[in-house]
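Heads up: the structure comes next, in structure tokens.
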Protein chains: 2
Amino acid sequence: MRPTVHDIAAAAGVSLATVDRVLNQRPGVRHVTREKVETAIRDLGYVRDVAAANLAKGRVYPLTFILPASDNSFMHGLNAEIRAAIARSATERTDIRIVEVPAFDPQALVRELETVAAEKPSGVALVATDAPDVRAAVDRLVKDGIPVVTLVSDLTGSLRHHYAGVDNIAAGRTAARLLGRFLGGAKGEIAILAGSMLVRDHRERLEGFAAVMAQEFPALHLLSVLEGRDDPEVAHMLIADALGKNDGIIGIYSLGAGNRGLIRALKEKAVDRALTVIAHELTAHTRAALLDGTIDAILNQDAGHEVRSAIRVLKAKADGLAVIDAQERIRLDIFLKDNLP
Amino acid sequence: MRPTVHDIAAAAGVSLATVDRVLNQRPGVRHVTREKVETAIRDLGYVRDVAAANLAKGRVYPLTFILPASDNSFMHGLNAEIRAAIARSATERTDIRIVEVPAFDPQALVRELETVAAEKPSGVALVATDAPDVRAAVDRLVKDGIPVVTLVSDLTGSLRHHYAGVDNIAAGRTAARLLGRFLGGAKGEIAILAGSMLVRDHRERLEGFAAVMAQEFPALHLLSVLEGRDDPEVAHMLIADALGKNDGIIGIYSLGAGNRGLIRALKEKAVDRALTVIAHELTAHTRAALLDGTIDAILNQDAGHEVRSAIRVLKAKADGLAVIDAQERIRLDIFLKDNLP
DNA sequence: CCAAATTTGATGTACGTAAATCAAAAAATG
DNA sequence: CATTTTTTGATTTACGTACATCAAATTTGG
């Protein structure tokens, strides 16, 4: 049987009240006594029964998710997953709030972080915009004792406790190898469609992609990046234009959102061309395009996993508990037409 | 605030004791009264606080995992993940036992199932051998009210509550497309190494593989399946032999375990040949082979995820609770050398 | 050494549920 | 209608922890 507070009290030769004071870091315990108790805790391998503790405390975990107000399928999906988690609040003892801030606007994000911090939630998850001010604001939250996880896009160099998202450099590298291998030894040009080089995840994907391409597939030449602003119309225009004036293009890597436009352009301009196409994010549009052969592979991050992982990690950090690392690693999903969920 | 048993009692106009009798299906409640209580439960949307209930009951979940005694890395990994779960028993209220049975031996598995059933555990997870007797034995457990999940290899047509493993037909199809695309339009022969055609997961992988190959890559000809019994020595012998006497082989699909032997054969016999190789299961050996280029892609199922999922599902079923389907879907991981964890 | 401050102990209540006991009420039976 | 049987209510204890209160013991300061 696992030890309880009573066992600790007995082992340390103190009363239950004193054990309680130590466990919940309440004042009024002499240093030596505190040490006796802590020794007993270690010796017996005591771990607090979180379920019982939460019951006694009537604890709920107020969590805040800060998302960019972007109108694309991926963000909608992320939002939906958070709402699904909200629906489970009762059984998971969470009280989740979603706040939206203008996209790509570090100052707005910083202001929101300050507001959220004032409410002292049990944890904060945010889709980080990569800027020094944001990093500083996150660090302030962490120093105030508020667990923080970044979601989808990381904030390296900050003190955030955890990143719930894929390794975007690895994603770019993987895209490059798939494209290179699918093209056999062919020689030609590769078009790259991104959302914006201002967001870290897109920059990292490109970085990984370019690295593997340069090193392993020298016969393939990368054209300069087309920035589609994650907007289907812009993407359509850019891709249609590129295909129109360059018939050396044999492959396309779409590393951002707005794939609806890309797909439309392909159907209009490339029916008779053998193009190999790799895109990111599984949506209704990309799924259909994968099935009909317009797209050859889709790289995806599972928003549901990211949200559930973020919640698990925030709760664990709030309780000072360990997490199962392997469980919280967000994988890069690779979908061909055969393994769609 | 979510409703408690007290609220139910008040709403139904009965006492706490009666609510308790209904909730825990104890006898001594008239039909009409039971209905009143059940109506109140539905109306208020009551859900039992599992944490509090488990605390009161001092509940632990005795779970039994039945595994084949196979000496290969995948099974060792699976075993390790179960032991990791055992280490978390205290906090997860589980009491997990592992029993091993001879591999590919339906009768031994049936006998073990009977023995396990007699112990009335809260749940049973098994790597199923696909045989009518096994199916019948599993169905008996289910009818006795014991939750059962199949692990890694399914038992379709049985009453098992859940399958914690990948879709093996999809895995085979994916392998075929990857291999076909990687080989460009080349013409040649494909060797297939399986463990045994007696296990469903291997049969299904082969089925999916052969289907896509036939339909989409007619230039590639499949050789007849080599059964390596998931044994590295046997696998080595078979592959070395095949490569020795057939130099039309340009690709290999290894859909079972025992890849250590395959890799050794490749390094001995195929240094000068351009073979494209796809294998299953990420282990220390296959990982190294992927990195050094001996293997081109690895399809993997995450044993840790499977074990954790099986445990979550068994606990939920034991409590009659719902599971988050998306969370329990085991994905097929595709690893290239760039996205290794 | 005494008073004040600090530390510790003892005890009780609470969280939401399970389970048991005994009494009371209601229903079924003859 | 009386008796038996079934159903229901009321109450208590327990699970492991949190938290509050008050008293008692110990330490500290002057």
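Throughout, protein chains are lettered first and strands after them, A, B, ... in sequence-line order, and every chain is numbered starting at 1.
Taking atom CZ on Arg34(A) and atom P on dT27(D), their separation rounds to 17 Å, with Å as the unit. Rounded to an integer number of Å, the gap from Arg21(B) CZ to dT21(C) C1' is 10 Å. If you take CG of Asp7(A) and C1' of dT17(D), they are 13 Å apart, rounded to a whole angstrom. In this structure, NE2 of His31(A) is placed 16 Å from P of dT27(D), rounded to the nearest angstrom. For the pair Arg59(A) CZ and dA18(D) P, the computed distance is 11 Å after rounding to whole Å. When the P atom of dT8(C) is taken as reference, atom CD1 of Ile8(A) falls 17 Å away, rounded to whole Å.
The side chain of Ser15(B) places no N or O atom within less than 4.0 Å of a non-bridging phosphate oxygen (OP1 or OP2) of dA10(D).
Under the side chain to side chain donor-acceptor pair (under 3.5 Å) criterion, Arg97(A) pairs with Glu119(A), sequence neighbours left out. When the side chain to side chain contact (heavy atoms under 4.5 Å, CB included) test is applied to Arg2(B), the partners found at least two apart in sequence or on another chain are Ala90(A), Thr91(A), Val47(B), Asp49(B). Considering only residues two or more places apart in sequence or on other chains, Lys315(A) meets the side chain to side chain contact (heavy atoms under 4.5 Å, CB included) condition with Tyr61(A), Glu92(A), Thr94(A), Ile311(A).
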How would you summarise protein contacts on nucleotides 14-19 of chain C per nucleotide, using B for base, S for sugar-phosphate only and - for none, with heavy-atom distances below 4.0 Å?
-BBBBB
Nucleotides 24-30 of chain C: protein proximity per nucleotide (B base, S sugar-phosphate only, - neither; heavy atom, under 4.0 Å)
---S---
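Arg331(A) and Asp302(B) are joined by a salt bridge, as a carboxylate oxygen and a charged side-chain nitrogen come within less than 4.0 angstrom of each other.
A donor-acceptor pair is defined here as one N or O able to donate and one able to accept, closer than 3.5 Å; such a pair exists between the side chain of Arg93(B) and the backbone of Arg59(B).
Among the candidates Val116(B), Val99(B), Leu63(B), the single residue satisfying the side-chain contact (heavy atoms from CB on, under 4.5 Å) test with Val124(B) is Val116(B).
Counting only residues at least two apart or in different chains, salt bridge (Lys or Arg N to Asp or Glu O under 4.0 Å) contacts with residues 23-46 of chain A comprise Asp20(A)-Arg26(A).
Counting heavy atoms from C-beta on, the side chains of Lys120(B) and Asp144(B) come closer than 4.5 Å.
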